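Note that this is a predicted model, so its numbers are computed, not measured. Heads up: numbering here begins at 1 and tracks the sequence.
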Amino acid sequence: MLEEWRAAGRLRFVDCGTGAGVLGLLLALELPGSRWRLVDARARRCDMARRAVAAAGLTERITVAHEPLEETARRERGGFDAAVARSFGPPSELAECALPLIRIGGVLVVSVSAATLSQWRRLPLAQLGCEALPDWSTPSGRYLAVRRRESGAGGFPRRRAVRLRSPLGAAGCFM
C-alpha cells in the first residue's frame, strides 16, 4: 500500500484517533508529497501530536484536529484519499466514522489482530459502498485495507448514542 501511495504523489490522508500522532507523522515522513489531518477527541493527545508535528518541522503539511472523528466525517465527507488507524476502537465504530471520509477509490488501512480481522470480515461493508481487500502482514503487524467503491447508504456516521445502541453489523443494522 505504501508503494502505491508513494507512486500516486500528492494525496490527502486522515489519521483516525491519532493519539500522540505517531502513525500519521511517520507516514507523512515516508510520503513527502502528502498532506495529513490528525484527528483525536482528546485534547491532551492532540497537544502531544501538535508538539510532535512542530518538532518534525511538518506544520505546513500536517494539521491536528481536536474533535470526534464523526464531526470530521460529517464536515469533510469524501475529502480524503485515504485514512489510517492503529487502535481506534471497535471495527464497527471505525468503519462508520472513517469510511464516509474517503473518496470513491480511496482506502482505509487499519492495524488488525486475529479477533479484529474477524470482526471486520463480518461487517456489512458492501452496504457502505466498500469492500475489504486481502489482509497482509509485515514484521510490524497485520493490516487490512477497505476500499470505497461507491457512495453507499447515506446517513453515516449516525449519532454516537445510536451507534452505541445499534452498532454497525448488529441485528437490525444492515444485517
Side-chain angles (χ1 to χ4, degrees), residues 1-5 11 13-28 30-31 36-42 45-46 48-49 65 67-74 76-77 80-150 152-153 155-175:
M1 193 65 51
L2 194 56
E3 291 306 318
E4 181 181 321
W5 289 341
L11 297 175
F13 293 85
V14 61
D15 181 356
C16 307
T18 195
V22 174
L23 179 60
L25 186 63
L26 290 175
L27 286 170
E30 282 291 317
L31 303 165
W36 286 81
R37 168 86 43 85
L38 312 182
V39 180
D40 203 288
R42 296 188 178 125
R45 290 180 178 181
C46 288
M48 288 188 293
E67 65 185 4
L69 188 61
E70 67 189 85
E71 288 181 24
T72 305
R74 287 191 184 103
E76 298 197 47
R77 183 173 297 278
F80 295 89
D81 298 295
V84 297
R86 191 171 57 94
S87 56
F88 183 86
S92 60
E93 183 77 0
L94 180 58
E96 188 163 336
C97 292
L99 290 171
L101 284 163
I102 304 165
R103 66 167 172 77
I104 294 172
V107 294
L108 165 65
V109 176
V110 296
S111 175
V112 294
S113 64
T116 57
L117 179 60
S118 175
Q119 291 172 24
W120 275 100
R121 297 281 185 217
R122 289 192 308 266
L123 289 176
L125 296 173
Q127 298 285 348
L128 295 172
C130 299
E131 65 180 337
L133 302 176
D135 60 288
W136 72 95
S137 295
T138 72
S140 306
R142 191 171 187 183
Y143 304 91
L144 174 71
V146 178
R147 184 168 310 278
R148 186 158 193 83
R149 294 179 294 122
E150 55 194 40
F156 288 95
R158 299 169 296 158
R159 289 187 338 269
R160 181 167 169 68
V162 175
R163 293 193 314 269
L164 292 174
R165 196 171 43 250
S166 179
L168 185 66
C173 186
F174 283 144
M175 294 303 273

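- Side-chain contact between Trp36 and Leu27: present, with at least one pair of heavy atoms (C-beta onward) separated by less than 4.5 Å.
- Residues Val109 and Trp136 are in side-chain contact: their nearest non-hydrogen atoms beyond the backbone lie under 4.5 Å apart.
- The 12-atom threshold is not exceeded at CZ of Arg42, counting heavy atoms of other residues, nucleotides or ligands nearer than 6.0 Å.
- Contact between Gly19 and Asp40 at its shortest, heavy atoms only, is N-OD2, 2.7 Å.
- In this structure, Arg148 contributes its side chain and Leu128 its backbone to a donor-acceptor pair below 3.5 Å.
- With rounding to the nearest 0.5 Å, the separation of CZ in Arg142 from OG in Ser111 is 10.5 Å.
- For the atom pair CG of Leu31 and CZ of Phe13, the computed distance is 5.0 Å after rounding to the nearest 0.5 Å.
- One distance of note links CG of Leu108 with CG of Leu94; it measures 5.0 Å at 0.5 Å rounding.
- Heavy-atom minimum distance, Cys16 versus Ala98: SG-CB, 3.8 Å.
- Contact of the Leu125 side chain with the Leu99 side chain is registered, since non-hydrogen atoms from C-beta on lie closer than 4.5 Å.
- When Leu144, Val110, Thr116 are each tested for a side-chain contact (heavy atoms from CB on, under 4.5 Å) with Pro91, only one passes: Thr116.
- Taken from CZ in Arg103 to CG in Asp81, the straight-line distance is 4.5 Å, to the nearest 0.5 Å.
- At least one side-chain heavy atom of Leu117 sits less than 4.5 Å from a side-chain heavy atom of Arg121.
- Atom OG of Ser113 is separated from atom CD of Gln119 by 7.5 Å, given to the nearest 0.5 angstrom.
- With contacts defined as side-chain heavy-atom distances shorter than 4.5 Å, the pair Arg45/Thr18 does not qualify.
- Atoms SG and CD, from Cys97 and Glu71 in turn, are 10.5 Å apart once rounded to the nearest 0.5 Å.
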Under the side-chain contact (heavy atoms from CB on, under 4.5 Å) rule, what do Leu69 and Phe88 come out as? Steps first, then yes or no, please.
CA-CA 10 Å; Leu69 188 61; Phe88 183 86; 3.7 Å; yes
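- By the neighbour-count criterion of 12 heavy atoms within 6.0 Å, atom CZ of Arg86 is sparsely surrounded, having that number or fewer from other residues, nucleotides or ligands.
- Side-chain contact between Leu38 and Leu25: absent, with no pair of heavy atoms (C-beta onward) separated by less than 4.5 Å.
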